[in-house]
Amino acid sequence: MSEYNYAHNNTQCGERKTRTAQFNKYKCTDSHISQQIEKLRIYANEREIPTACDETLNFICNLARIKNAKNILELGTGIGISGICLLDSCPDASLTTVEKNETFFYEARENFGWANMEGRVVQISGDAGEEIEYLPEESFDFIFMDSAKVQYVKYLPTLKKLLKKGGVLAADDVLLYGWITGEEQPPKKRAALIRHIQEYIDAAISDDELSTTIVDIGDGIALSIKKLP
């Protein structure tokens with residue numbers, strides 16, 4: 001039994017697996033970090049702490065490399081795994097990361113420390129929806145959103161302001177175990193969650209300031225680029 005509760009946790013079916021997952025394995029550039037990250041991911045899985053799967057990590061880190069990201073914003077630090085991987089992939093980048101759970105916040109601080117990345121990280125403890133309102137506009141070229149799924153659509157207007165023109169916004173878990181695509185029958189108790197995610201997808205796709213593609217990677221990623229003038 002998990003010591004934490006997550007609205008998107010599906011303990012019966014586990015995470016959705018795509019046909020390409022077998023090929024898309026995440027690899028760190030630093031062998032020391034790679035060994036520690038693997039141990040940390042095993043530890044997180046044993047505690048049922050949600051963390052990005054190999055395919056998702058591989059995709060967002062390659063995306064950040066391609067973008068040559070310098071200023072990354074992450075919503076949902078967890079215990080720091082995805083943040084460490086993004087910084088490992090982009091050695092010139094800095095990370096601002098927001099986490100509401102105090103236990104995770106302090107665990108992540110320790111993990112950024114052993115990775116020797118604490119000097120490149122600004123950790124914020126608090127509700128993402130509130131904290132992002134205080135961040136400077138057009139200050140991030142890469143945003144990874146992996147926080148409360150029901151809030152995604154509410155965060156979108158602010159995240160657009162924070163994103164530089166040409167910047168990337170990657171929203172994780174938008175296909176939710178195949179519930180959104182109809183691959184799997186969703187539980188009735190998840191109806192509100194599914195509705196909010198569908199609202200986010202519709203909002204991102206229809207937004208004139210964004211160019212959005214839904215990518216069949218891991219549990220689904222909504223990839224949005226803020227259009228250039």
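Residue numbers run from 1 in the order of the sequence given. Remember, predicted model here, so these are calculated numbers, not experimental data.
Interatomic distance, CD1 of Ile205 versus OH of Tyr200, reported as 10.0 Å (0.5 Å rounding). Between Leu86 atom CG and Arg65 atom CZ the span is 9.5 Å, to the nearest 0.5 Å. Residue Ile197 holds its CD1 atom at 7.0 Å from OH of Tyr152, rounded to the nearest 0.5 Å. If you take CZ on Phe142 and NZ on Lys67, they are separated by 10.0 Å, rounding to the nearest 0.5 Å. A distance of 10.0 Å separates CZ in Phe140 from CG in Leu159, rounded to the nearest 0.5 Å. Rounded to the nearest 0.5 Å, atoms OG (Ser147) and CG (Asp173) are 10.0 Å apart.
With sequence neighbours excluded, no residue forms a ring-ring contact (aromatic ring centres under 6.0 Å, His included) with Phe112. Judged as a ring-ring contact (aromatic ring centres under 6.0 Å, His included), and not counting sequence neighbours, Tyr155 has no contacts. With sequence neighbours left out, the salt bridge (charged side-chain N to carboxylate O under 4.0 Å, His left out) criterion links Arg41 to Asp54.
More than 12 heavy atoms of other shown residues, nucleotides or ligands fall within 6.0 angstrom of atom NZ in Lys164. Enclosure of atom CD in Glu102 is not indicated, since only 12 or fewer non-hydrogen atoms of other residues, nucleotides or ligands lie within 6.0 angstrom. Sparse packing is recorded around NZ of Lys100, with 12 or fewer heavy atoms of other residues, nucleotides or ligands lying under 6.0 Å away.
Among residues at least two apart or in separate chains, there is no salt bridge (charged side-chain N to carboxylate O under 4.0 Å, His left out) pair with a member in residues 88-98.
Hydrophobic clustering (ILVMFWY, side-chain heavy atoms < 4.5 Å, transitive): Leu87 and Phe105 are in distinct clusters. The hydrophobic cluster containing Tyr106 does not contain Ile49, counting ILVMFWY residues as joined when their side-chain heavy atoms lie under 4.5 angstrom apart, directly or transitively.
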Please output the side-chain donor-acceptor pairs of residues 125-133 that fall under 3.5 Å, not counting sequence neighbours, one pair per line with the distance.
{"from": "Asp127", "atom 1": "OD2", "to": "Gly129", "atom 2": "N", "distance (Å)": "3.1"}
{"from": "Asp127", "atom 1": "OD2", "to": "Glu130", "atom 2": "N", "distance (Å)": "3.2"}
{"from": "Glu133", "atom 1": "OE2", "to": "Thr158", "atom 2": "OG1", "distance (Å)": "2.8"}

I'd like a table of donor-acceptor pairs (distance under 3.5 Å, sequence neighbours excluded) in which one partner is a side-chain atom from residues 74-84, with atom names and distances.
{"from": "Glu74", "atom 1": "OE1", "to": "Thr97", "atom 2": "OG1", "distance (Å)": "2.7"}
{"from": "Glu74", "atom 1": "OE2", "to": "Ser82", "atom 2": "OG", "distance (Å)": "2.4"}
{"from": "Thr77", "atom 1": "OG1", "to": "Thr97", "atom 2": "OG1", "distance (Å)": "2.5"}
{"from": "Thr77", "atom 1": "OG1", "to": "Val98", "atom 2": "O", "distance (Å)": "3.3"}

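Minimum heavy-atom separation, Leu210 to Lys227: O-CE, 3.3 Å. Residues Cys90 and Ala69 share a closest heavy-atom pair of CB-O, 3.9 Å. Nearest heavy-atom pair, Asn68 versus Asp141, reported as atom, atom and distance to 0.1 Å: O-OD2, 4.3 Å. Among all heavy-atom pairs drawn from Gly220 and Leu175, the shortest one is CA-CG, 3.6 Å. Minimum heavy-atom separation, Thr51 to Ala44: CG2-CB, 4.5 Å. Pairing each heavy atom of Asn71 with each of Ser139, the nearest pair is CB-O, 3.3 Å.
Side-chain atoms of Lys226 come within 3.5 Å of backbone atoms of Lys160 as a donor-acceptor pair (strictly under, hydrogens ignored). Counting only distance, with no hydrogens or angles, the side chain of Glu137 and the backbone of Lys161 share no donor-acceptor pair below 3.5 Å.
Using a 4.5 Å cut-off on side-chain heavy atoms (C-beta onward), Tyr26 and Cys53 make no contact. The side-chain heavy atoms of Ile221 and Leu63, taken from C-beta on, include no pair separated by under 4.5 Å. Asp172 is not listed as a side-chain neighbour of Ile60, based on a closest heavy-atom distance of 4.5 Å or more.
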Applying salt bridge (charged side-chain N to carboxylate O under 4.0 Å, His left out), run through Glu138 and Lys165 and close with a yes or a no.
CA-CA 7 Å; Glu138 296 195 0; Lys165 291 179 175 62; 2.9 Å; yes
Should Thr56 and Asp146 be marked as a side-chain contact (heavy atoms from CB on, under 4.5 Å) after you check the CA-CA gap, both sets of side-chain angles, and the distance that decides it?
CA-CA 11 Å; Thr56 297; Asp146 190 16; over 6 Å; no
Decide yes or no on side-chain contact (heavy atoms from CB on, under 4.5 Å) for Asp207 and Thr212, but give the supporting numbers first.
CA-CA 9 Å; Asp207 195 302; Thr212 298; over 6 Å; no
side-chain contact (heavy atoms from CB on, under 4.5 Å) between Glu107 and Glu110: does it pass, once the steps are laid out?
CA-CA 5 Å; Glu107 285 191 44; Glu110 292 182 7; 5.6 Å; no
